Colleague: 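I'd like to ask you about the structure that follows.
Numbered from 1 within each chain, the chains take letters A, B, ... in sequence-line order. Quick caveat: nothing in here was measured; it's all calculated off a predicted structure.
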Amino acid sequence: MKHIISIQLENESGALSRVSGLFSARGFNIESLTVAPTNDATLSRMTIVSIGDEDIIEQIVKQLNKLIDVVTVTNLTATEHIERELMLVKINVEPSTQADIDQHIDEYAGKIVDVSENTYTVEIAGKSQRIDDFLASLDVSKILEVSRTGVTGVCQKREY
Amino acid sequence: MKLNGAQILVKCLQSEGVEYIFGYPGGAVLHIYDALDACKEINHVLVRHEQGAVHAADGYARVSGKCGVALVTSGPGLTNAVTGIATAHMDSIPMVVISGQVSSAVIGNDAFQEVDSVGITRSCVKHNFLVTDIGDLATVIKKAFHIATTGRPGPVLIDISKDTTIDDIEFGGYPKTINMRSYQPEIKIESSQIDKAIALIIQAKKPIIYSGGGSVIGNADVELIALTRDTGFPITQTLMGLGAYPATDKQSLGMLGMHGTYEANMAMHDADCIIAVGARFDDRITGNLDLFCPYAKIIHIDIDPSSVGKTVGVDVAIIGQVTDALNALSTGLKGKKLADISAWWRQINEWRAVDSMAYQTKAGVIKPQSVIEALYEVTKGEAIVTSDVGQHQMWAAQYYPFDKPRRWINSGGLGTMGFGLPAAMGAKLAEPNSDVACVTGEGSIQMMLQELSTMLQYDTPVKIINLNNGYLGMVRQWQEFFYDKRYSMSYMDALPDFVKLAESYGHIGIKVEKEADLMPALKEAFAQKDRTVFLDILTDPTENVFPMIPSGAGHHEMLLAGRDEMASTNDKGLNLV
Ligand SMILES: Cc1cc2nc3c(=O)[nH]c(=O)nc-3n(C[C@H](O)[C@H](O)[C@H](O)COP(=O)(O)OP(=O)(O)OC[C@H]3O[C@@H](n4cnc5c(N)ncnc54)[C@H](O)[C@@H]3O)c2cc1C
Ligand SMILES: Cc1ncc(C[n+]2csc(CCOP(=O)(O)OP(=O)(O)O)c2C)c(N)n1
Ligand SMILES: [Mg+2]
């Protein structure tokens, strides 16, 4: 099963590689990983999406907690949470398909952030599934480039 | 007063009460060596190889319970130290390793003797630091010792760039305390878990205590003995736990696992309640997980939550210091009536009567087991025994019953050949008044031989018991059993004359070829109080370690010496090491 794990860690050089190194050394899977500083400049927030059964996720959480730079670990999937992902996608647009594509973008509340010759760059945010659906709704041959941020998330209730 | 980084480092180490540093100099640490030269309180031991430095610091830490300290230069100094660091990490040994690094201005430029030390060691340390700012130095050192010695101990690396050792600042003193929001090693035992454990314990008809390295690391021998005596339960110990509970006591079933006793393994297999104390259900213990302890409820005491439920599911997890947990259990059991376990003891005594440690003697050859028994006799069971890795290690563990903790010093988790000799040197420095024996093999000893030179320089007399079977015996044993006796590369040809070799290093060498010479030679060796003596003992090259649970098998499928033909292992077993 897919799990979203949210980590607060000391904003120190090397902290990211401690986490990613842990995953590769122990053979844990990473679907996506995002990291950035928070309002507290000494802390980073990392969100990892991993796939594994309960035992594996339990070990992942325990091993993450063991890392000295890690301050908190929350398995978001186990609580009420909000998750979002952002995608920038370049789409080939011809006069003949434009109306159709415009409608898709509208449906998914996407934003056209750049228009150049025959190309839209579109921004879509939402649950990963929504982004998958949007991509699936397009004609594959029209998708020129995809860049996704990976999932970030927060607990619905206050963490502490 | 203004001090440079090297001087600050030395001041901080002094404040930590560091007694010995094991190290080796080089360009990146020259300033540190210069500062050490001016310090009278800290003794520096100049090893002959950085791996030896780390093993010696490790041996010192295991015997004294204090934090070991090693100092190495950048690049090859650090890479040589890695095996030692990984060895300490696997066995949870408190240690601080200080490595020099190239100057911060050139880090990342493939500078001379530059390696990414923090990157290389990341997966085999508890934590590591790179210091490039002298202002951080004292705090980092404080953190390093704090992290290395608390919670589940482990090695911490401090990599210090050369410019940091040269820069100077007004030194504000060594921090007295440290608080890290991301590291809170104090864990309070949950009383609800204790209650659950008590409920299982009082019902148990076939209980067993399975104690490991955590009982030694956590200094819990007194509490362990109390709980064991109060409950009257049988106890078995892992290779790393030996000595926390006295091996010669009647409640002790000896070691468990791959080369454990028949009674310990059968009792584990049939138990209905297992109290695991600071042990991590390693694969040498569990054998085939599908067949492991099929009937038991498991109570697991460990300070590291990640040890719990990692390989084996448990029924009650007690997270915290092993001393606290054992005390809480003892207190909780006061006045409670336990189930009658006399039938269980009768069963255990039947297994004991099998006498799984019996071995066959052969005229004209020295049995390695008998050497260890003789060693026990000559040292009255009171020596500190270090070992290398292989068959000799297992025989030492099996035939030298340890009654006290921190007397049996070996590399269990990583199984590092070469550990024994430098560890013995560290052990001797930690406890100069104890006899120290290093049980080794002709393969292992050649991995760290050069430390014989250090041992002369620093006058650390130990007795080297070389069980010379002319083979990488443990490898040969597996090839005999599982590879149809195809002895690929397990034969040690062109061995040196160990007697002359010892002599050339300034020590005493004695060769023992006949059974009759064994006792006199051992006595002679231990009579030489202030000399290192190398006993090269030619032992039966064909002897194997028994009992044995072939990998892939269950505890109840163990094989006994001279009674069971070693069947080949199964596919599952061949995949294991
Ligand atoms: C050739 C060879 C053969 C071997 N055969 C065997 C064998 O037959 N039998 C055997 O037992 N081993 C054997 N070993 C050793 C084996 O590989 C493991 O090293 C060993 O079994 C692990 O011991 P342990 O479970 O006690 O754990 P350790 O590695 O000693 O771990 C200690 C545990 O205690 C916890 N802990 C530490 N401090 C505290 C504290 N203060 N409070 C609470 N918990 C704490 C730690 O978190 C950890 O989980 C062999 C090794 C070699 C090289
Ligand atoms: C550094 C290292 N390399 C390889 C091994 C694999 N290994 C385990 S035991 C052993 C043989 C040890 O031979 P020896 O020291 O003569 O001991 P014996 O088994 O003969 O008693 C080997 C090669 C190891 N444990 N460590
Ligand atoms: Mg040998």
Side-chain angles (χ1 to χ4, degrees), chain A residues 1 3 5-30 33 35 37-46 48 50 52-75 78 158-160, chain B residues 86 89 92 104 107-108 116-133 136 139-140 143-144 146-148 150-159 178-185 187 280-281 289 300 302-314 317 319:
Chain A
M1 189 187 145
H3 286 258
I5 298 164
S6 175
I7 307 161
Q8 280 184 298
L9 67 170
E10 298 289 350
N11 188 5
E12 279 179 20
S13 75
L16 168 62
S17 48
R18 287 182 210 282
V19 174
S20 59
L22 170 77
F23 274 73
S24 61
R26 294 191 180 266
F28 300 144
N29 140 300
I30 298 185
L33 184 157
V35 60
T38 63
N39 54 329
D40 176 347
T42 66
L43 276 182
S44 295
R45 161 88 57 188
M46 186 182 285
I48 295 180
S50 182
D53 61 30
E54 293 301 322
D55 287 350
I56 293 195
I57 299 297
E58 183 184 322
Q59 262 300 310
I60 290 178
V61 170
K62 285 175 171 177
Q63 293 291 348
L64 283 169
N65 267 313
K66 223 168 124 172
L67 292 178
I68 306 292
D69 283 340
V70 168
V71 184
T72 63
V73 181
T74 316
N75 183 353
R158 278 176 68 98
E159 257 173 59
Y160 47 84
Chain B
H89 185 241
S92 309
S104 51
I107 288 180
D116 172 12
S117 307
V118 162
I120 285 177
T121 57
R122 189 180 302 120
S123 60
C124 63
V125 291
K126 184 168 173 187
H127 195 58
N128 57 20
F129 297 93
L130 168 63
V131 188
T132 53
D133 180 345
D136 297 338
T139 318
V140 165
K143 283 184 183 171
H146 175 58
I147 293 168
T150 52
R152 178 179 185 170
V156 177
L157 176 87
I158 313 175
D159 197 31
I178 194 95
N179 187 23
M180 299 171 69
R181 63 178 167 187
S182 61
Y183 177 68
Q184 304 290 341
I187 302 177
R280 60 185 171 83
F281 293 87
L289 280 170
H300 191 178
D302 205 294
I303 196 147
D304 177 358
S306 77
S307 283
V308 178
K310 182 168 64 181
T311 57
V312 171
V314 306
I319 306 296

Colleague: So for B:N128, is it side chain, backbone, both, or neither that comes closer than 4.5 Å to the heavy atoms of chain A?
Modeller: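 Interface part for B:N128: both.
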Colleague: Answer whether the closest heavy-atom distance between the side chains of B:K310 and A:K62 falls below 4.5 Å.
Modeller: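 Side-chain contact under 4.5 Å: no.
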Colleague: OH/B:Y183 to CD/A:E10 distance, rounded to the nearest 0.5 angstrom?
Modeller: 14.5 Å
Colleague: Just how far is it from atom OG of B:S306 to atom CD of A:E58, taken to the nearest 0.5 Å?
Modeller: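 B:S306 atom OG to A:E58 atom CD measures 10.5 Å (nearest 0.5 Å).
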Colleague: Give the minimum heavy-atom separation between B:S182 and A:V71, together with the two atoms involved.
Modeller: CB-CG2, 3.7 Å
Colleague: Under 4.5 Å heavy-atom distance to chain B, tell me which part of A:D69 shows up: side chain, backbone, both or neither.
Modeller: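 The answer is both parts of A:D69.
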Colleague: Step by step, would you call B:R181 with A:D40 a salt bridge (Lys or Arg N to Asp or Glu O under 4.0 Å)?
Modeller: CA-CA 14 Å; B:R181 63 178 167 187; A:D40 176 347; 3.7 Å; yes
Colleague: When rounded to the nearest 0.5 angstrom, what distance separates OG1 in B:T311 from CD in A:Q59?
Modeller: 9.0 Å
Colleague: Between A:S24 and chain B, with a heavy-atom cut-off of 4.5 Å, which part of the residue counts as in contact: side chain, backbone, both or neither?
Modeller: neither
